[in-house]
Amino acid sequence: MEQDVIQLLPDAIANQIAAGEVIQRPASVVKELLENAIDAGGQNLQLILKDGGKTLIQIIDDGCGMSETDARMSLERHATSKLRTADDLFRLRTMGFRGEALPSIASVAHLEIRTRRHNDELGTLIQVEGSTLKKQEACQCPPGTSMSVKHLFFNVPARRNFLKSDSVEYKHIREEFVRITLAHPEISFSLYNNDQLELQLPATKLRRRVLALFPKRLESMLVPIEEETDILSIRGFVGKPSAAKKSRGEQYFFVNDRFIRSSYLNHAVVSAYDELLAEKAYPFYIIFLEVEPDRIDINVHPTKQEIKFEDERLIYNFLKATIRYGLGRASITPTLDFESDNVFHPSKIGSLRSEGSQLEPSQPLPSKINAGAAATPTENPQQVSTPPAHPFSGSDSRQDDARGSKPPREVSTGGSTPTTPRTGSSEGIRQANNLRNWERLYDVLGQEAETPAADSSFSFGDEEESEILPSRFSSDEPEDGPKRKAGEKPPYQLHLRYIVSPLKSGLLLIDQQAAHERILYEQFLRQLREQNSPSQQSLFPQTLELSVAEAGLLTEILPDLKELGFDLEPFGGQSFIIRGVPAELAGKTNELELVQQLLARYAENLDPELDAHEKVARSLARSAATRPGQELSQAEMYSLISQLFACEQHQFNPGGKRRCFITFELDELERRFQL
């Protein structure tokens, strides 16, 4: 008879399995322990790190502390003080509740607990290594709890090998630290890294906490939002359109003070800005939603960063309307028209649900902004005729018209006559430049070997995409371009994005941004390795204000930037002063925006397989390269083509995900025309 094969796993193995879901990296430990400290009522929390959390993570709080029995029980699986019955899952107000974090941490690290209740004379010391109890005794310690996690994943070498560099792990810890400190501005936090005080945050109001963590320039760009209904309350800040960035990272959602991720709610925020944001720009926002616990389910994912709402579509519409009202009240958007009926009146909630139910997250909701006003957004309060109708007030927008406000300008939405772009608008400029390039295309096809004079003007076809003036291409050729052989056609731009160069066997199509990135990348990489980069000093040094995360990244790559020719130095707190930039970029870029874009690109490019020089060179190349929409002269186009094909690897951009050029043979073109 065969023996039974199913056995109950030992607690140590079960805890390690649970640790694989809950504890993914040092940042996961920081999150769980900080949340425990907050649940314990701590008002002064200290986070101490060494080697990106790999060697030491210590969190000290002045909360309620634990008795000797509670301290020992906290290391058992599913031991918690926050649940008694299954119904308690739907009345949760605490950050933790499963009782998995501490036993999971103890199973993959050396854990030391020192804790004392305020009324006790002695505290308790417990030391555990890999789920094995090593010591338990009375000790002297201040009221509260100190948790020390040492040598994370010491007994799981495979997991430890998957950890990134100390700087990358520290970056993830900072992100978790920022999220928790934003959710609890009433608590004082301190962050120490490798025996240095990195951040000191006293207890304060939310606005001051935001300004302590993010650049001071945001102070004038914050738009407060606040609304309360029977279903939920919304509060927080959104940024003006000028605060939007080309990279993600400064978007925060909190539900009952718990950080969450939700692409669906993010879509609601972006759609609230309507046409105020440039293409591929991400707004700044810190939004807190308060919902009754029985209307949400947070027990969905081990990290608790995904939440299910009872009526997600209704919350989508509430959030969108609140943000649009806040932007309109700050005179950033034109007059908002929430239709004659109050869409958020209790009698309308049913229809609101049905409206949202027909939309997917990828589909924008029907616009409530007047068609004529939406074409001319403004941030000047005097240009807004009337304040926006409060989305929850039930006011009739038609009453505003009766009081003398101008009716919305009619916009053609159909018919055979197209709408003419406004003079001076980015759309009109782009269309005009495209028309001129098409005319140039026909001129080139019909002309002989004559060379038109280079256009020395400098214009942008899309002003929103060209955030900074891209560096021009250096060239020793005369302004009217190099001499060509008889019959050779000059290159020309197509849609201010591509360079078309006729060939004897067909034509060459170059992506000007990808090509310039490749040129700059190899140039910067060569300078870093040779350590021979001249710097051009600025006439007026500029002060750069950064967020906590950005300041940490800049400090990390500062030595490499100095080798490239940047003259940068810390200026106290999260501020840096820019005294000079590389000589080849001097006078051609906005220095502040160049460094900010460099940091954003570097944060996206934390590939462990690349060395530090490659990361910096790639990030700076992407930041300084020409953007689509920039008109190039003949000399610049010739210079770009010659420099591209002089590169060691000229086929792809530095990331290897985009071609720098493609060719079309005459035979291939001929086949395209055949039916």
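Only this structure's heavy atoms are used, side chains among them; waters, hydrogens and symmetry mates stay out.
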Review point. Is it the case that more than 12 heavy atoms not belonging to Arg217 sit under 6.0 Å from its CZ atom?
Key: yes

Review point. Looking at CD1 of Ile60 and OG1 of Thr145, how far apart are the two atoms once the value is rounded to the nearest 0.5 Å?
Key: 10.5 Å

Check your understanding: Any donor and acceptor pair, going by atom type alone, linking the side chain of Arg207 with main-chain N or O of Glu219 inside 3.5 Å?
Key -> yes

Check your understanding: Is the side chain of Ser639 donor-acceptor paired with the backbone N or O of Ala635 at a distance under 3.5 Å, no angle test?
Key -> no

Exercise for review: Report yes or no: does Arg579 contribute a side-chain atom to a donor-acceptor pair with the main-chain N or O of Pro541 at less than 3.5 Å?
Suggested key: no

Point to revise | Given Tyr273, Tyr252, Phe253, the one that forms ring pair (Phe, Tyr, Trp, His ring centres under 6.0 Å) with Tyr285 | key: Phe253

Practice item. Begin with the C-alpha distance, continue with both residues' side-chain angles, and end with the deciding distance and a verdict on salt bridge (Lys or Arg N to Asp or Glu O under 4.0 Å) for Arg497 and Asp511. Key: CA-CA 7 Å; Arg497 185 183 184 97; Asp511 184 323; 5.1 Å; no

Point to revise | Heavy-atom pair with the smallest gap, counting every atom of Arg627 and Ser623 | key: NH2-O, 3.4 Å

Check your understanding: With the threshold set at 4.0 Å, does a side-chain nitrogen-carboxylate oxygen contact exist between Glu250 and Lys245?
Key -> yes

Practice item. Indicate yes or no: at least one non-hydrogen side-chain atom of Tyr282 is less than 4.5 angstrom from one of Val270. Key: no

Review point. Where the side chain of Arg160 meets the backbone of Leu152, is there a donor-acceptor pair that is under 3.5 Å apart?
Key: yes

Point to revise | Over 12 non-hydrogen atoms of neighbours within 6.0 angstrom of CD in Glu186 | key: yes

Point to revise | Arg618 side chain to Pro654 backbone, donor-acceptor under 3.5 Å | key: yes

**Study point:** Stepwise side-chain contact (heavy atoms from CB on, under 4.5 Å) check, Tyr602 with Glu556
**Key:** CA-CA 11 Å; Tyr602 186 83; Glu556 176 188 338; 3.3 Å; yes

**Study point:** Matching residue for Asn193 among Leu199, Leu49, Leu47 - test: side-chain contact (heavy atoms from CB on, under 4.5 Å)
**Key:** Leu49

Review point. Has the side chain of Asp62 got a donor or acceptor atom that lies under 3.5 Å from a matching backbone atom of Gly42?
Key: no

**Study point:** Steps toward salt bridge (Lys or Arg N to Asp or Glu O under 4.0 Å) verdict (Glu112, Arg114)
**Key:** CA-CA 7 Å; Glu112 179 180 285; Arg114 292 177 181 268; 3.1 Å; yes

**Study point:** Side-chain donor/acceptor of Lys240 to backbone N/O of Ala330, under 3.5 Å
**Key:** no

Point to revise | Nearest heavy-atom neighbours spanning Arg209 and Pro202 | key: NH2-O, 2.9 Å

Check your understanding: Run the salt bridge (Lys or Arg N to Asp or Glu O under 4.0 Å) check on Arg518 and Glu522 step by step: do they pass?
Key -> CA-CA 6 Å; Arg518 167 54 63 178; Glu522 294 198 4; 3.1 Å; yes

Point to revise | Rounded distance [0.5 Å steps], CG in Asn36 versus CD1 in Ile59 | key: 8.5 Å

Review point. With side chains defined as the heavy atoms from C-beta onward, is the minimum distance between Leu558 and Pro570 less than 4.5 Å?
Key: yes

Practice item. Please state whether the rings of Phe189 and Phe177 are parallel, tilted or perpendicular, taking 30° and 60° as the class boundaries. Key: perpendicular

Point to revise | Derivation and outcome, side-chain contact (heavy atoms from CB on, under 4.5 Å), residues Leu182 and Phe254 | key: CA-CA 9 Å; Leu182 280 175; Phe254 298 90; 4.0 Å; yes

Review point. Under a 4.5 Å cut-off applied to non-hydrogen side-chain atoms, are Ser262 and Val255 in contact?
Key: no

